[in-house]
Amino acid sequence: MEIIEKNIDLQQKLQLLKIEGKSIGFVPTLGALHEGHSNLIRKSKRQSDITVCSIFVNPTQFNDVKDLEKYPRTLDADSALLKGLKTDFLYIPDKNEIYPKGLDTKVHLDFGNLFTVMEGAHRPGHFEGVVQVVKRLLDIVNPDQLYMGQKDFQQFSIIQHMIKMLHIPTELVVIKIKRENHGLAMSSRNERLTKDVRNKAAIIYKTLKAVKRKIKTHDFEFLKSYALKKLAIPDFNPEYFEIVDGNTLQSIHHYSDSNYIVACTAVWAGNVRLIDNIIMKKTV
Ligand code: AMP
């Protein structure tokens, strides 16, 4: 595995590989890697000829400065894990590489409803930062495949929209959620939970599954308030629980209203904010 810090070095190497006809798979991350990230790398290794993983804690997507400061940085362990998975390139740019002075890196595109619901409503500016960094990384890496997790459901919906609208020649591949044994979706933020709260956080997936069992027979308004109540155990504070169309992220009200239905939630567990989702119906 080669560790690269400068765009120009990465671009030169990837260009040569592309000329040889190799396909490039790209896994962008914030680091503090876990088995969820490993699955993205494994998929890229299977599907693409060359795998590039980036670690960049992007300041523009953190709407909360404290969250940015507290974000775990574990480069040595990350690097060892990626090496073990036979990642070809680990790209660790600094801020000046991603946001050089004088370059307008903002994405000027209308995301409509995709930006305003769920995470967009509760984390102002977050998705503007996400599309900014992903677009910039795509410009630098120019991958054939981009691997992202279903865990951040709204994020990949937005990136899919951007790829389509800007005609970016990259295929987005979505990887299912990797969970801890008791069901909690793996996240770098889980490390900040106390042992007790981490155990109790199993309630999130339990609630998503309970709603899925009832989805065909119960009113959606009832299900949403049922879920919010079920999630409100001591130390836990649900922020939202929404049942939406998997493409448009518009709220839906009846099982027959869409072929693709997803329930998404954000929950404060102690002082850590966790997100999770489950696909309720997909018949397309
Ligand atoms: P992050 O470092 O949190 O920005 O995540 C980098 C990528 O890994 C994103 O595409 C996430 O959706 C994905 N990811 C994070 N956690 C998981 C998980 N538990 N299972 C699958 N993918 C994940």
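All ligand and atom numbering here is 1-based and tracks the order in the structure. Just so it is clear, the structure is predicted and the values come from calculations on it, not from any experiment.
Residues forming a side-chain contact (heavy atoms from CB on, under 4.5 Å) with D88 (at least two apart in sequence, or on another chain): K45, I50, T51.
Considering backbone and side-chain N/O of D152, one or more are found under 3.5 Å from N/O of ligand 1. Here's the thing with S187: none of its N/O atoms is less than 3.5 angstrom from an N/O atom of ligand 1. Annotation: G149 places an N or O atom under 3.5 Å from an N or O atom of ligand 1; distance criterion only. When only interatomic distances are considered, the shortest N/O to N/O separation between H37 and ligand 1 falls below 3.5 Å. Between L30 and ligand 1, at least one pair of N/O atoms sits closer than 3.5 Å. For the pair I177 and ligand 1, the shortest N or O to N or O distance does not fall below 3.5 Å.
Under a 4.0 Å criterion applied to the non-hydrogen atoms of M186, ligand 1 contributes the atoms 16 (N), 17 (C), 18 (C), 19 (N). Against a heavy-atom cut-off of under 4.0 Å, M148 is close to the following atoms of ligand 1: 10 (O).
Looking only at heavy atoms of the protein, atom 21 (C) of ligand 1 is closest to K176 O, 3.5 Å. From the protein, the heavy atom lying nearest to atom 20 (N) of ligand 1 is K178 N, 2.9 Å.
With salt bridges taken as basic N to acidic carboxylate O contacts below 4.0 Å, one links K224 and E221.
The shortest separation from a heavy atom of P28 to ligand 1 is under 4.0 Å, placing the residue in contact. Ligand 1 is approached by H34 to a heavy-atom distance shorter than 4.0 Å. Using 4.0 Å as the threshold, N39 has no heavy atom nearer than that to any atom of ligand 1.
For atom 3 (O) of ligand 1, the choice among F156, F56, F153, Y71 with the nearest heavy atom turns out to be Y71.
No more than 12 heavy atoms of other residues, nucleotides or ligands shown are found within 6.0 angstrom of NZ on K206.
E97 contributes a side-chain N or O that, together with a main-chain N or O of N7, makes up a donor-acceptor pair within less than 3.5 Å. Of the possible polar contacts, none joining the H37 side chain to the L82 backbone as a donor-acceptor pair under 3.5 Å is found.
The hydrophobic clustering, which links ILVMFWY residues whose side-chain heavy atoms are closer than 4.5 Å, places L228 and V117 apart.
Taking both residues in full, the closest heavy atoms of K200 and I233 are given as O-CD1, 4.0 Å, listed atom of the first, atom of the second, then distance.
A cation-pi arrangement is absent between K13 and F89, since the terminal nitrogen or guanidinium carbon is not both under 6.0 Å from the aromatic centre and inside a 45° cone about the axis.
Taking the centre of each ring, F127 and F111 stay at or above the 6.0 Å mark.
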